[in-house]
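Accompanying notes for the structure given below.
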Amino acid sequence: MVSPSQPRQDHATLAEKFNRDEARVDWHDKTLWFIREKRDRAARTMPEWEDLREAASQIKNRVLDNLHDYLLQFEAQAQRNGVTVHWAANAEEHNQIVHRIIQQAGVTNIVKSKSMLTEECHLNDYLHKKGITVVDTDLGERIVQLAGEPPSHIVLPCIHWKKEEIGELFHKHLGTPAGNADPQFLTGAAREHLRQRFMTSRVAITGVNFAVAETGEIVVCTNEGNADLGVQLADVHIACMGIEKIIPERKDLGIFLRLLARSATGQPVTTYSSHFRRPRAGQTMHIVLVDNGRSARLQEESFRNALKCIRCGACMNTCPVYRRSGGHSYHYAIAGPIGAILAPALDMKQHADLPFASTLCGSCTHVCPVKINIHEQLYDWRQVLARQGYVGGVKKLGLMGMAAVLARPRIYRWSGAAGRWFMKYMPSLVNNKLNPWYKQREMPAVPRQSFQEWYRQNRQQHGQQR
Ligand code: SF4
């Protein structure tokens, strides 16, 4: 497992580390697939599922085409509701704004509900350096925070942790009895611990799932009600959102809320979908609208689609690479297929490995509730990265070799025959430590012939029998 303070390693190296614990990999894989199947069952209960996806996709397209206007409409409505609106061009500005508001409130302890934007901006680290203690109140986020790790999944931040490990962690940090890993008991202990923080925090930060341009309100979805408790007890509410979270009208929520929960966990609806429109009497409310590379992405025809993401996590749950390499292997706040297309837009050099962490099977695109063409963008990113010189020499050479073989049927057939011969008579030439596939797998028995030969032979036999 990685912590933010460790030097960055690439996806393959981090995935290899995760793969050393085979039992964890199998269980991680199965748990996420279980959620993917729940999502499928939930989607099948709604005959209009595909219509909802199409409607959501079109609404988000409209938002991206008119983002400037919707943002100004949202700002004006929010100000009319008594909310202070801030604009941040990048992560640094966002962190400075949040810090300033906390300073003005004169506090050093705050609570925060789940917000992937604040992860993207590394807000906790920033505030920690300024002497402010941030307590993450989502249970999964609190677990990874106590462990000194970033979340490994956008909806299920501690999905890589076993309950026994959480029991040990709570024993160390919260003083629960050693060896008690009962989920209900641990949840109760976390509730007690967090309640103290809620009661004493005068500033609460939340993320934003949807921001309605028509009304200036924001909607925050949680299963634990932690955002509501934090905001209701605090004197100051700071809501942090990426500028792409806008939806035009309140009635659009009927589409997005139905898609979000079903795609994320297979639930019909998130337990709490809380609307925050104006500060209550005596409270102040701030909304920080963050760009951080989003406007630049809006201008890139091939990649702007990624801004439609509603952070449901379905593409992660279905991705065979994510399921078997773990969220931390992506070394970015947002892991999985969507992270692999968002991260290089922010820093091509740092994240040039991520678009290659995919089989391009297209399963992510298939489940995405807002119809983002994720696997096509992964493929497009590879080409951009190769053109910009961010693909390593060995990989480039390998790809050139593959291209030369695949473009020439005769050489392709000959290579297949040679490969089968070597695998049979000189297996150590293929099955050695230099072959990364061999490290994790037992090689299959060598086939007698190529599929093409088998097909020709069987088709001929089939034709003779008829
Ligand atoms: S890309 Fe689609 S499937 Fe993945 S998190 Fe975003 S909305 Fe969900």
Side-chain angles (χ1 to χ4, degrees), residues 32-33 35-40 42-43 49-50 52-61 63-64 114-117 119-120 140 151-157 159 207-211 219 221 241-247 252-253 255-267 269-270 294 297-298 302-323 327 330 332-346 351 354-355 357-381:
L32 288 162
W33 186 250
I35 299 166
R36 155 77 209 259
E37 287 182 320
K38 264 181 84 187
R39 172 255 171 222
D40 290 350
W49 182 256
E50 287 306 317
L52 282 178
R53 285 181 76 214
E54 183 57 32
S57 171
Q58 285 184 17
I59 292 168
K60 280 287 184 179
N61 283 338
V63 168
L64 296 185
K114 191 138 69 63
S115 151
M116 291 318 296
L117 178 84
E119 293 293 332
E120 175 187 323
S152 72
H153 187 290
I154 55 178
V155 176
L156 313 156
I159 189 68
V208 172
N209 287 89
F210 303 101
V219 179
C221 303
M241 59 175 269
I243 54 174
E244 81 285 11
K245 294 285 175 177
I246 294 279
I247 58 169
D252 301 327
L253 285 168
I255 295 168
F256 287 103
L257 290 177
R258 277 192 283 172
L259 284 169
L260 176 64
R262 285 177 174 88
S263 300
T265 56
Q267 292 167 255
V269 73
T270 317
R294 286 161 175 78
R297 207 167 313 147
L298 199 58
S302 309
F303 303 118
R304 74 199 298 258
N305 221 352
L307 291 169
K308 288 158 65 178
C309 177
I310 56 170
R311 305 283 192 269
C312 71
C315 56
M316 302 177 181
N317 304 342
T318 200
C319 175
V321 176
Y322 174 86
R323 291 203 315 269
Y330 291 80
Y332 178 58
I334 298 169
I338 180 66
I341 57 177
L342 290 175
L346 217 53
H351 304 297
L354 294 185
S358 169
T359 61
L360 299 185
C361 66
S363 187
C364 46
T365 301
H366 178 71
V367 297
C368 178
V370 285
K371 293 193 161 185
I372 301 173
N373 56 336
I374 308 168
H375 74 294
E376 288 171 0
Q377 291 193 38
L378 286 164
Y379 180 60
D380 288 345
W381 265 118

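One is the number of the first residue; the rest follow in order along the sequence. Note that ligands are numbered from 1 as they come in the structure, with each ligand's atoms numbered from 1 the same way. For the numbers below, each heavy atom of this structure counts, side chains included, while hydrogens, waters and symmetry mates do not.
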| field | P369 heavy atom under 4.0 Å from ligand 1 | value |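 Contact present.
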| query | Checking side chain to side chain donor-acceptor pair (under 3.5 Å) for the pair E37/W33: CA distance, chi angles, key distance, verdict? | reply | CA-CA 6 Å; E37 287 182 320; W33 186 250; 3.2 Å; yes
| field | Nearest-0.5 Å distance that lies between atom CG in L378 and atom CD1 in I338 | value |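 Atom-to-atom, L378:CG and I338:CD1 are 9.0 Å apart.
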| How many angstroms lie between NZ in K308 and CD1 in I372, if you round to the nearest 0.5 Å? |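 Atom-to-atom, K308:NZ and I372:CD1 are 6.5 Å apart.
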| request: Show all protein N/O/S atoms under 2.8 Å from atom 4 (Fe) of ligand 1, or state that there are none. | output: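 As for protein N, O or S atoms lying under 2.8 Å from atom 4 (Fe) of ligand 1, they are C315 SG.
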| request: Evaluate the ring planes of F210 and F256, with Trp represented by its six-membered ring, and classify them as parallel (under 30°), tilted (30 to 60°) or perpendicular (over 60°). | output: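 Judged by the thresholds at 30° and 60°, the geometry between F210 and F256 is tilted.
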| said: Testing N317, V155, L260, T270 one by one against T265 for a side chain to side chain contact (heavy atoms under 4.5 Å, CB included), which residue passes? | reply: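 So the option named by the test is V155.
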| task | May I ask you to say whether E119 pairs ionically with R311, meaning some side-chain N is under 4.0 Å from a carboxylate O? | result |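 Not counted as a salt bridge, because no side-chain N and carboxylate O are separated by less than 4.0 Å.
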| query | Would a 4.5 Å heavy-atom cut-off, applied to side chains only, mark L342 and E120 as touching? | reply |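 L342 does not reach E120 side chain to side chain.
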| What protein heavy atom sits nearest atom 7 (S) of ligand 1, and how far away is it? |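 For this ligand atom, the closest protein heavy atom is I310 N, 3.4 Å.
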